[in-house]
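Beneath this line is the structure, given in structure tokens, with notes to follow.
In this text, all values refer to a predicted model and were calculated from it rather than measured experimentally. Every chain is numbered from 1, with letters handed out A, B, ... down the list of sequences.
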Amino acid sequence: MKVSNFPVFTQKDVPSEAEVASHQLMIKSGMIRKLSSGQYSWLPIGLRVIQKIQDVIREELNNIGCSEILMPSVQPAELWKESERWDDYGPELLRFTDRHNREFCLGPTFEEVITDLIKKDVSSYKQLPINLFQISSKFRDEIRPRFGVMRAREFIMKDAYSFHESQSCLDMAYENYKSAYKNIFKRLMLDYTIVDADSGNIGGNESNEFHVIAETGEDDLLLDDELNGMNLEIAKVKYSEDNLESIIKKTGLTHKKGIEVGHIFKLGQKYSEKMKAKITTKDSKSINMFMGCYGIGVTRIVAAAIEQNHDSNGIIWPKSISPFEVVIIEIDGHKNKEVRSHSSEIYDLLQNSKISRIYDDRDASFGNKMKDWELIGVPNIVIIGKNEAKNKTITYKSRLGNEKLEIKIEDLINKITL
RNA sequence: CGGGGUGUAGCGCAGCUUGGUAGCGCGGCUGGUUUGGGACCAGUAGGUCGUAGGUUCGAAUCCUAUCACCCCGACCA
């Protein structure tokens, strides 16, 4: 990509409403713009980060045999009445009626739709297990949206669902998802922890949350020295205390703030009973399917990753989710033919090496370009001016540290992929 | 929904107390000098002061209503 074809919407100032670092940096770096409370448009740089995260999730889920599907965001009320969540879910369910006065909602989660989908096609244990996921926009009419995309009313979530003939088969799948999630968060280079959780109004009997540890997190976690533990709701019940301080006093556990980026549930037969999703077993009995569901907040991960990886100059992307692996900054390229052709050469070289790169060919000063790309957080910076053009070299700088190194072109690829 | 706060140019703000017809910084545009860490000079565009109504000779300023947005709380992935 060249900046002349890839709009960069960085800005110096940030609206006063942005409080936390990730929200401020996402606006300054031109990743998002607000449409209204809790609703954000994603600009090119932001969308590239989302796509990187989605790629990792897709790969890891495919690895455990989970196939991708896509379901409609608009869901008929009938399904929600069948599961009895039309009343139970509360005002967070964004509802509306169509021209025929028929009731609908915008999906915050998809247990009803997928159960309906599966029960129409699956009738035998021989067809199970089935594992499906989708990555799509979800809607929750939040009381108070907050911190940019951290708590939004419209957000992108990956939701997966599994269907089984027995509890033991569900238990196995649950562990598979748990390990896939570990791989995902490891590849995203997030500092995270897994805690025991309450299954809330999703339902079921076992549940774990995946939290990115961050000061700006909204959830309270109680952790032991190995960072294992539980969320506050579970701790209250387990230790029969009703506030954080007394639990800490009683147990000696450490309190940390977490951003919930993933949540997995063993749903059991809750939905299959209510919605009559039955199969015939090997011994010809008719039973309700066992289900699990598994969510990851894709857009929330973007904010969480920034909370964990930034400095006073801006974002510092983990390699796996950076919008680009390397940025080429040319100095005076519009005036100096040698600089321009040398930069283009490097640009092509990186293309051939399958390294994602952006080439800043704007007529802007060196300092301006550096500030922009340090703000955006691309991990590798290649500087090309008249000296590099003459010497047939490049100057390399990492987003971390201030050292600039003039190196041979051949050494560039090693530097980046290291 | 309860409490608090804010709406004035793309962004950050001043002006409001004490009514007299809107200003600053950043950003934008034009021209020139610049470009190795957010340059400088000169010029220029851009606002029915959130919206509606009222008081007044006259309203950004006072009054009423309303909408939007933010913060704290309850709720929630």
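When both distances must be under 3.5 Å, the Watson-Crick or G-U wobble mate of B/C69 is B/G5. Nucleotide B/C24 has B/G12 as its partner under the Watson-Crick or G-U criteria, with both atom distances under 3.5 Å. Base-pair partner of B/C29: B/G43 (Watson-Crick or G-U wobble, both distances under 3.5 Å). B/U17: no Watson-Crick or G-U partner with both key distances under 3.5 Å is found in any strand. Base pairing annotation: B/C49 forms no Watson-Crick or G-U wobble pair, as no partner gives both donor-acceptor distances under 3.5 Å.
In this structure, of B/G37, B/C69, B/C71, it is B/G37 that holds the atom nearest to the side chain of A/Phe366. Each of B/A39, B/G36, B/C11 was ranked by its minimum atom distance to the side chain of A/Asp13; first place goes to B/C11. Of the listed nucleotides (B/C69, B/G36, B/G37), B/G37 has the atom at the smallest distance from the side chain of A/Lys404. In this structure, the nucleotide among B/G37, B/G27, B/U35 sitting nearest to the side chain of A/Ser365 is B/U35. The listed nucleotides are B/C76, B/G12, B/G38; the one nearest the side chain of A/Lys371 is B/G38. Set against B/C71, B/C75, B/G12, the side chain of A/Pro15 has B/G12 as its closest nucleotide. With distances taken from any side-chain atom of A/Ile143 to the nucleotides B/A74, B/C72, B/C76, the minimum falls on B/A74. Closest to the side chain of A/Asp372, from the set B/G12, B/G38, B/C76, is B/G38. Listed nucleotides: B/U35, B/C76, B/C69. Nearest to the side chain of A/Glu92: B/C76.
For the side-chain hydrogen bond (donor to acceptor under 3.5 Å, both in side chains) test, no residue two or more places apart in sequence or in another chain qualifies with A/Lys371.
The distance between atom CD of A/Gln39 and atom C1' of B/C69, rounded to the nearest whole Å, is 14 Å. Taking atom CD on A/Gln11 and atom P on B/A9, their separation rounds to 15 Å, with Å as the unit.
Within the 4.0 angstrom heavy-atom criterion, base atoms lie near A/Glu142. A/Lys335 comes within 4.0 angstrom of a nucleotide base, judged by non-hydrogen atoms across all strands. At a threshold of 4.0 angstrom between heavy atoms, the contacts of A/Val14 are confined to the sugar-phosphate backbone, with no base atom among them. As judged by a 4.0 angstrom heavy-atom cut-off over every strand, A/His334 is placed among the base-contacting residues. Note on A/Glu17: only backbone sugar-phosphate atoms sit closer than 4.0 angstrom, heavy atoms only; bases stay farther off. No contact: A/Gly295 has no heavy atom under 4.0 Å from any strand. Residue contacts for A/Ala18: at a heavy-atom cut-off of 4.0 Å it reaches no nucleic acid atom on any strand shown. Residue contacts for A/Glu388: at a heavy-atom cut-off of 4.0 Å it reaches a base atom on one of the strands shown.
Proximity of A/Thr395 to the phosphate of B/G36: no side-chain N or O atom is located under 4.0 Å from OP1 or OP2. The phosphate of B/U35 (OP1 or OP2) has no side-chain N or O of A/Lys386 nearer than 4.0 angstrom. An OP1 or OP2 oxygen of B/G27 is reached within less than 4.0 angstrom by a side-chain nitrogen or oxygen of A/Lys12. Contact check, A/Arg144 against B/C76: no side-chain N or O comes under 4.0 Å of OP1 or OP2.
Salt-bridge annotation for A/Arg58 and A/Glu68: present, with a side-chain N of the basic residue lying under 4.0 Å from a carboxylate O of the acidic one. Here A/Lys390 does not pair with A/Glu338 in a salt bridge; the nearest charged N to carboxylate O distance is not below 4.0 Å.
Comparing the C1' positions of B/A45 and B/G3 gives a spacing of 44 Å, expressed to the nearest Å. B/G7 and B/A52 are spaced 16 Å apart, taking the C1' atom of each and rounding to whole Å.
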Side-chain donor-acceptor contacts of residues 41-51 of chain A below 3.5 Å, not counting sequence neighbours, with atom names and distances?
unit_1: A/Arg48; atom_1: NE; unit_2: A/Pro323; atom_2: O; d: 2.8
unit_1: A/Arg48; atom_1: NH2; unit_2: A/Pro323; atom_2: O; d: 3.2

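Between the side chain of A/Lys397 and the base of B/G36, no donor-acceptor pair under 3.5 Å is found. A donor and an acceptor atom sit less than 3.5 Å apart, one in the side chain of A/Glu374 and one in the base of B/G37.
Between A/His263 and A/Phe265, the ring-plane angle classifies as parallel under the 30° and 60° cut-offs.
A/Arg85 and A/Tyr271 share a side-chain donor-acceptor pair at under 3.5 Å.
Distance check, rounded to the nearest 0.5 Å: CE of A/Met275 to CD1 of A/Ile114 gives 11.0 Å.
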